[in-house]
Amino acid sequence: MSTVSTVNGGISFWYADQGTPLAREPLPGDATADICIVGGGYTGLWTAYYLKKAVPFLNITVLEAKFCGYGASGRNGGWLYNGIAGRDRYAKLHGHEAAVRLQQAMNETVDEVVRVAAEEDIDADIHRGGVLEVAYTPAQLARLKDFHSVEIAFGETDRVLRGARETCERVNVTGAVGSSWTPHGARLHPVKLVKGLAATVEALGVTIHESTPVTEIKPKHAHTPYGTVRAPYILRCTEGFTANLKGQRRTWLPMNSSMIATEPLPRSVWDTIGWDGRETLGDMAHAYMYAQRTADDRIALGGRGVPYRFGSGTDNEGRTQPATIEALRDILVRLFPTTAGARIDHAWSGVLGVPRDWCATVTLDRSTGLGWAGGYVGSGVATTNLAARTLRDLIQQDSGQSGPTELTALPWVGHKVRRWEPEPFRWLGVHGMYAAYRAADRRELTSPRPGTDPIAKAADRLAGRH
């Protein structure tokens with residue numbers, strides 16, 4: 001397999017497939033709005049959509065530093081699924097039933113995204129094949145069975161546990177010893193979704209200014225180099241790029257994730273792999289991978305690579321390190337040996353937001369009018385939609401247009417978390433954590449023991465995940 005001709009960066013394969021859009025006009029000067037949304041990714045666009053649909057006369061302005069979908073919304077793996085970061089912690093803090101309600105809301109969110117895409121005529125290559133998570137070591141199988149049992153306890157009674165033969169009949173992952181499948185998931189094309197959302201909210205009357213970086217957010221003010229937008233509500237929807245805002249360097253850690261996309265694979269290769277259901281595919285490794293079979297029959301596969309840049313650095317136009325490309329290619333060939341001769345057409349990276357306790361959250365401070373949502377830890381394709389509908393309900397409640405709703409009562413609303421450690425402790429901690437996870441994965445590949453490697457358990461404690 002050659003990577004000589006691989007396109008590295010250029011935002012992502014999804015933009016190479018669709019073409020980089022021409023940026024909309026920047027903010028022309030000082031302006032006012034009813035609601036100002038900072039960030040033109042999924043969170044910001046979904047929030048604008050639901051607010052405008054609920055109250056059509058609202059004057060809503062979206063400010064985007066580059067162009068809509070430049071960040072994680074245009075670079076992710078295209079997993080529309082029901083996972084949410086922090087659910088287990090919310091169960092400990094608020095009780096099991098509260099976390100079950102949160103999980104149910106996520107299950108329904110997958111349906112909601114599919115519904116809106118169809119209603120608004122957004123063709124995002126959505127295919128509802130569910131999510132298949134596989135195990136290929138004894139330790140992974142033990143974690144898979146525990147994971148499957150926990151998901152059922154949180155209300156996923158339609159989840160299915162499969163053995164080795166049944167798994168390989170679905171997707172022929174080399175060495176697979178079992179899998180867990182949920183119907184609450186779909187594959188999609190991330191950029192087709194974000195471009196469709198941007199066009200939809202503009203058609204509804206939302207103003208979008210691109211090439212307009214917000215440098216500081218204050219109550220009722222969003223400051224940019226071109227002027228200030230004043231609004232009763234300022235909503236921060238910047239996810240992994242939050243660290244670029246004044247005073248937010250340690251709020252959410254911008255975690256790097258990297259991907260590769262193969263050339264379109266021939267029928268002979270697909271005959272050996274299967275994957276006719278086009279499930280989104282993950283594994284139970286500590287440094288896990290995520291993959292999809294694209295609409296044009298490529299495999300797009302991602303993983304962590306180099307996890308973090310010193311000082312919460314965020315972006316270099318999607319370029320990723322050659323060693324990361326090689327590592328992802330090795331994972332691809334280990335899972336699917338018949339792809340060994342396939343060309344890697346594209347490689348790219350992006351950042352996602354990670355709170356110190358790994359819990360996604362949505363908040364509106366009623367005393368200041370400042371709101372935010374994020375910290376999705378890589379599960380944002382669907383979670384952004386739930387966050388947006390929750391922000392809509394919080395604003396309508398605050399403005400007296402409605403009372404509390406089922407969404408405003410979910411346990412992730414208003415969750416507070418401490419800031420990340422200062423440098424160099426932040427860099428040392430994150431790189432140490434992922435070095436430990438990779439070491440644990442290597443040891444588990446050759447170990448007959450079913451238990452999780454002790455190195456991974458230590459890394460979990462370091463990360464604050466358990």
Side-chain angles (χ1 to χ4, degrees), residues 1-3 13 77-81 125-145 147-148 151 158-189 259-303 325-346 441-442 444-448 450:
M1 182 184 295
S2 173
T3 59
F13 161 74
W79 273 45
L80 175 70
Y81 86 119
D125 293 343
I126 296 174
H127 180 86
R128 298 200 65 167
V131 182
L132 186 71
E133 293 172 275
V134 301
Y136 43 82
T137 70
Q140 286 190 25
L141 182 61
R143 286 197 297 276
L144 176 83
K145 291 178 177 178
F147 165 76
H148 181 84
E151 297 307 297
D158 44 5
R159 181 173 283 272
V160 178
L161 186 65
R162 295 190 171 115
R165 182 175 59 81
E166 294 174 297
T167 298
C168 291
E169 286 173 353
R170 303 291 298 187
V171 184
N172 189 17
V173 174
T174 298
V177 291
S179 64
S180 179
W181 177 83
T182 176
H184 302 292
R187 175 217 69 193
L188 56 74
H189 189 301
M259 293 196 71
I260 56 173
T262 69
E263 64 181 319
L265 301 176
R267 183 70 254 174
S268 59
V269 172
W270 288 116
D271 285 343
T272 66
I273 295 174
W275 212 343
D276 294 332
R278 297 180 185 263
E279 303 91 338
T280 55
L281 180 70
D283 67 6
M284 299 304 293
H286 302 291
Y288 53 84
M289 72 85 193
Y290 50 94
Q292 66 152 282
R293 178 178 176 176
T294 68
D296 61 349
D297 286 335
R298 305 169 189 266
I299 294 177
L301 180 146
I325 300 173
E326 292 294 328
L328 292 175
R329 184 197 69 173
D330 289 346
I331 293 172
L332 174 69
V333 175
R334 176 163 52 80
L335 298 178
F336 306 116
T338 53
T339 64
R343 185 178 68 245
I344 300 297
D345 274 355
H346 211 115
D441 284 332
R442 288 192 297 269
E444 289 181 0
L445 277 172
T446 59
S447 173

Examine distances only and state if a side-chain atom of Glu166 and a backbone atom of Gly163 form a donor-acceptor pair shorter than 3.5 Å.
-> yes

To the nearest 0.5 Å, what is the distance between CG (Asp283) and OH (Tyr136)?
-> 3.5 Å

Starting at CD1 of Ile299, measure out to CD of Gln292 and round the result to the nearest 0.5 Å.
-> 10.5 Å

Separation between CG of Leu265 and CD1 of Ile273, rounded to the nearest 0.5 Å = 6.0 Å

Where the side chain of Asn172 meets the backbone of Thr272, is there a donor-acceptor pair that is under 3.5 Å apart?
-> yes

What pair of heavy atoms forms the shortest contact from Cys168 to Ala176, and how long is it?
-> SG-CB, 4.1 Å

Nearest 0.5 Å, what's the CG-CE distance between Leu301 and Met259?
-> 6.5 Å

Using distance alone, with no hydrogens and no angle criterion, decide if His184 and Arg128 have a side-chain donor and acceptor under 3.5 Å apart.
-> no

Kindly indicate whether the side chain of Trp275, heavy atoms from C-beta on, has any atom under 4.5 Å from the side chain of Leu281.
-> yes

Pairing of Arg334 and Asp330 as salt bridge, 4.0 angstrom limit | no

Between Arg143 and His286, does a side chain to side chain donor-acceptor pair (under 3.5 Å) hold up when you go through it step by step?
-> CA-CA 10 Å; Arg143 286 197 297 276; His286 302 291; 3.2 Å; yes

Within the 6.0 Å centroid threshold, strictly below: Phe336 and Trp270 = no

From CA spacing to verdict: side-chain contact (heavy atoms from CB on, under 4.5 Å), Leu144, Leu161 | CA-CA 9 Å; Leu144 176 83; Leu161 186 65; 4.2 Å; yes

Taking all atoms of both residues into account, what is the closest heavy-atom pair of Leu328 and Gly303, and its distance?
-> CD2-N, 3.6 Å

Correct closest heavy-atom pair for His148 and Val160 would be CE1-C, 3.4 Å

Please confirm whether the backbone N or O of Leu335 pairs with a side-chain atom of Thr174, one donor and one acceptor, at under 3.5 Å?
-> yes

OG1 of Thr339 to CD of Glu263, rounded to nearest 0.5 Å, is 10.0 Å

So, the side chain of Arg298 versus the backbone of Ala261: is there a donor-acceptor pair under 3.5 Å, distance only?
-> no

What distance do His127 atom NE2 and Arg278 atom CZ have between them, rounded to the nearest 0.5 Å?
-> 7.0 Å

For the side chain of Trp79 and the backbone of Gly185, is there at least one donor-acceptor N/O pair under 3.5 Å apart?
-> no

Distance-only, no hydrogens or angles: does the Arg162 side chain make a donor-acceptor pair with backbone N or O of Trp181 under 3.5 Å?
-> no

Closest non-hydrogen atom pair between Ala300 and Thr294, with its separation = CB-CG2, 4.2 Å

Side-chain heavy-atom pair Phe147, Arg159 within 4.5 angstrom cut-off = yes

Any side-chain heavy-atom pair from Asp297 and Arg293 closer than 4.5 angstrom?
-> yes

Minimum heavy-atom separation for Ala142 to Pro450, with atom names?
-> CB-O, 3.1 Å

Are any of the side-chain heavy atoms of Asp345 and Pro264 separated by less than 4.5 Å?
-> yes

Should the pair Asp125-Arg187 be classified as a salt bridge under the 4.0 Å nitrogen-to-oxygen rule?
-> no

Assess the side chains of Arg170 and Ser179: does a donor N or O sit below 3.5 Å from an acceptor N or O?
-> no

Would you say the side chain of Thr167 lies within less than 4.5 Å of the side chain of Val171, judging by non-hydrogen atoms?
-> no

